[in-house]
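Quick notes on the structure that follows.
Computed from a prediction, not measured in an experiment: that's the story for all the values here. The figures here come from the full heavy-atom set of this structure, side chains too, leaving out hydrogens, waters and symmetry mates. Order of the sequence lines sets the chain letters (A, B, ...), proteins ahead of strands, with each chain counted from 1.
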2 protein chains.
Amino acid sequence: MTQPDPAPAAQLSERAQRLLKVLVERYIEEGQPVGSRTLAKGGIELSPASIRNVMADLEELGFLRAPHTSAGRVPTVRGYRFFVDSLMCVQPLESAAVDRVRRTLDPHASTTDLVQSASTLLSGLSHMAGVVMVPRRDSLTLRQVEFLPLSDRRVLAILVVNEREVQNRIIHVSRDYSRIELLEAANYLNALFAGRDIFQVRSELLAEMRRAQSDVNDLMRRAVEMAEQTFVADGEAADDFVMAGQTNLMGFSELADVARLRQLFEAFTQKRDLLGLFDQCMHAQGVQIFIGDETGYDVLEECSVITAPYEVDGRVLGVLGVVGPTRMAYERMVPLVDVTARLLSAALNSRV
Amino acid sequence: MTQPDPAPAAQLSERAQRLLKVLVERYIEEGQPVGSRTLAKGGIELSPASIRNVMADLEELGFLRAPHTSAGRVPTVRGYRFFVDSLMCVQPLESAAVDRVRRTLDPHASTTDLVQSASTLLSGLSHMAGVVMVPRRDSLTLRQVEFLPLSDRRVLAILVVNEREVQNRIIHVSRDYSRIELLEAANYLNALFAGRDIFQVRSELLAEMRRAQSDVNDLMRRAVEMAEQTFVADGEAADDFVMAGQTNLMGFSELADVARLRQLFEAFTQKRDLLGLFDQCMHAQGVQIFIGDETGYDVLEECSVITAPYEVDGRVLGVLGVVGPTRMAYERMVPLVDVTARLLSAALNSRV
DNA sequence: GGCTGGCACTCTCAGGTCAGGAGTGCCAAA
DNA sequence: TTTGGCACTCCTGACCTGAGAGTGCCAGCC
């Protein structure tokens with residue numbers, strides 16, 4: 001996890017913990033700094049003065065802070081962290097919401113549509129921004145390849161991988177090939193390598209070529225030339241995510257500053273920072289929570305991010321999550337993200 | 001064009017016109033309401049008092065308005081419109097910028113990349129938001145079609161159209177076909193219809209089928225079943241645009257209100273309004289300017305939009321443009337949009 | 001008749017003051 | 001250890017004020 005330095009719960013009396021819990025819940029709900037009077041009336045059975053003592057302790061320990069002398073207290077990042085780790089009661093997601101997620105993530109839809117739907121769902125149900133990394137496909141099983149001649153020594157390669165995904169790329173070759181020559185090369189590759197991993201095929205072909213040197217025939221040379229360019233990873237390019245509901249973030253008063261908002265949205269379009277954050281979550285298990293500067297990125301200082309990986313056949317393919325202000329309903333967001341990740345995994349798994 | 005009701009230039013003395021021109025230019029540059037003193041010192045050879053008289057006339061005619069009693073004047077939509085139609089001197093775009101556009105719009109790139117580059121160029125050079133409609137391809141020439149069996153009576157159809165564009169769709173068929181059966185159907189369609197328009201092919205096949213009724217063989221029936229679903233327009237779905245540099249709009253003080261900004265960005269993600277506006281420009285000639293409420297959409301009230309259609313073989317394929325605050329440097333944006341549209345057309349035309 | 005200088009007027013903006021309210025910290029008493 | 005009391009701090013909004021900018025209008029001038 002990501003808490004900066006462990007704040008031993010031992011430091012906090014049972015009473016202080018209860019108080020912190022109520023205060024954080026209250027603050028998340030109302031958005032106003034909460035004072036001792038408010039707490040005394042709602043949930044804490046102590047006089048305002050005693051509450052003030054406890055709050056002073058909590059402030060000293062770094063769980064709370066006062067925006068100014070007479071303004072009640074607000075949770076710090078550390079306060080939220082402790083709340084999230086030890087105090088929060090995660091309720092299961094309402095079944096209506098679960099149903100909606102389940103119904104929307106149709107296993108028959110294409111991967112792109114699934115990713116799109118998932119991010120729309122996340123934003124719709126959280127009223128914040130939803131993000132879904134597009135699945136990284138580290139294994140690309142060749143199903144079929146096809147080449148079509150273009151002019152200028154260029155060839156259009158069409159690649160069907162993993163049963164239903166179609167990719168196409170334009171490759172540059174050493175001379176113009178005829179339609180027939182390309183067909184032969186494709187047939188050769190299909191016959192020999194259908195059902196195999198394309199990167200393996202590529203390196204195998206190259207190795208074979210090098211070993212055999214002189215006695216390779218023209219057909220094989222052709223095939224290798226194509227394969228070399230066709231079967232390259234576009235993993236780099238596919239390192240991407242889909243986002244929905246960014247505009248929801250404009251509704252939060254915490255983020256109402258136009259200049260900050262601009263930076264935030266620029267970070268969203270550049271994608272780099274969020275991708276960095278999401279990459280960290282790829283191989284962590286289950287739901288992760290990053291609060292404020294725990295994200296490690298300045299632009300996200302006022303934001304929290306909740307993520308969960310999704311997977312197929314037990315292999316993590318990507319990460320999804322929500323982005324919102326630090327003052328968010330964590331106990332609702334955690335199950336939302338969790339359920340969405342599970343159901344997206346299920347949809348991807350159960351496809352045929 | 002779009003001016004609401006023609007403001008006869010005759011109403012305006014030569015002097016008033018000159019004054020309006022200087023005032024609008026000044027306001028666009030500085031962003032502050034401009035007063036009589038400022039004008040007297042910069043460009044207008046009259047005393048402040050005389051200038052005030054002229055300005056009062058212009059205000060009465062609806063070309064200017066005063067934000068408040070002692071704040072100088074600001075152009076109204078009508079003022080901008082008259083400026084744009086009759087007063088503005090459009091300078092040609094700096095050659096450095098033209099070069100950059102030309103170099104960036106590489107004819108060898110894919111359509112998607114070209115559209116993306118064009119919108120990035122527009123936003124980069126305008127410091128506002130750039131928009132490019134994706135080309136509507138009303139003619140889809142079949143080059144090759146391929147079918148691959150999936151489970152559950154579904155087939156993956158891969159379609160190469162217009163020489164280099166690859167589309168794929170999943171179609172539902174009446175029974176599971178074998179790989180061979182699908183191959184036959186594809187060969188049949190390719191042999192007969194390669195190089196033809198896919199919609200024509202579709203209707204022809206259906207007509208033929210209906211005419212021949214009983215004596216069609218199984219192969220043909222199969223082919224028709226595929227073609228029927230494969231060769232459908234996705235023109236609807238492709239009604240789309242690519243936008244870049246939205247965040248630039250957050251820098252303008254005119255648009256600094258978070259609530260309005262949110263509406264604007266929501267309109268951008270929903271796309272409907274902008275598409276409506278762009279559709280109007282499809283069949284107008286050359287550069288179009290929409291100022292403030294001339295756009296016809298409330299969210300764009302504070303914005304101006306400048307568009308130009310782009311074309312291939314003399315046929316308009318789409319529209320591109322920029323979106324910014326009404327207070328923009330029209331005389332620079334017009335040639336920018338114009339040149340980008342021309343060079344995008346050129347790039348699309350000269351491809352091989 | 002059109003242009004100009006002068007002048008009173010209006011409006012915004014920034015800064016300062018002030019009272020009210022909210023919440024705290026501390027202390028002494030229960 | 002808890003609690004009530006009290007002085008204190010700080011924010012907030014309202015109000016005022018003076019400076020600055022620009023106008024409208026008028027009377028005089030070319």
Measure from CG on B:Leu46 to P on C:dG2 and round the result to the nearest Å. 14 Å

Just how far, in rounded Å, is C1' of D:dT1 from CD of A:Glu45? 17 Å

Taking CD1 from A:Ile51 and P from C:dG23, how many angstroms apart are they, rounded to a whole number? 12 Å

Output the rounded distance in Å from CG (A:Asp57) to C1' (C:dG25). 13 Å

Which pair of non-hydrogen atoms, one from A:Met328 and one from A:Met333, has the smallest distance, and what is that distance? SD-CG, 3.9 Å

In Å and rounded to the nearest 0.5 Å, what is the CG to CD distance from A:Leu261 to A:Gln246? 11.0 Å

Can you label the angle between the B:Phe82 ring and the B:Phe63 ring as parallel, tilted or perpendicular, going by 30° and 60°? perpendicular

OP1 or OP2 of D:dC26 sitting under 4.0 Å from any side-chain N/O of B:Arg52? no

Rounded to whole Å, CG of B:Leu39 lies from P of C:dT4 at a distance of 14 Å

NA contact type, A:Ser36, heavy-atom cut-off 4.0 Å: base, sugar-phosphate, or nothing? sugar-phosphate

Can you tell me if the side-chain N/O atoms of B:Ser50 get under 4.0 Å from OP1 or OP2 in C:dT4? yes

Would you say the side-chain atoms of B:Thr76 and B:Arg65 include a donor-acceptor pair closer than 3.5 Å? no

What is the distance, to the nearest angstrom, from the CG atom on B:Leu58 to the P atom on D:dG22? 17 Å

B:Ser47 side chain N/O closer than 4.0 Å to the phosphate oxygens (OP1, OP2) of C:dC3? no

Judged by each residue's nearest nucleotide on DNA chain C, which is more toward the 5′ side, B:Ala49 or A:Ala66? B:Ala49

note: A:Leu23, atom CG; C:dG23, atom C1'; distance rounded to Å ~ 13 Å

Of all the choices, C:dT10, C:dG25, D:dG24, which nucleotide is nearest to the side chain of B:Thr69 once you look at every atom? C:dT10

Could one point to a donor on the side chain of B:Ser70 or the base of C:dC11 with an acceptor on the other under 3.5 Å away? yes

Spacing between B:His68 atom NE2 and D:dG22 atom C1', to the nearest angstrom: 9 Å

Examine A:Tyr80 together with A:Phe83 and report whether their ring centres are nearer than 6.0 Å. no

Can you check whether B:Arg73 has a side-chain N or O nearer than 4.0 Å to OP1 or OP2 of D:dA21? no

Measure distances between side-chain N and O atoms of B:Arg37 and base N and O atoms of D:dG22, and say whether any donor-acceptor pair falls under 3.5 Å. no

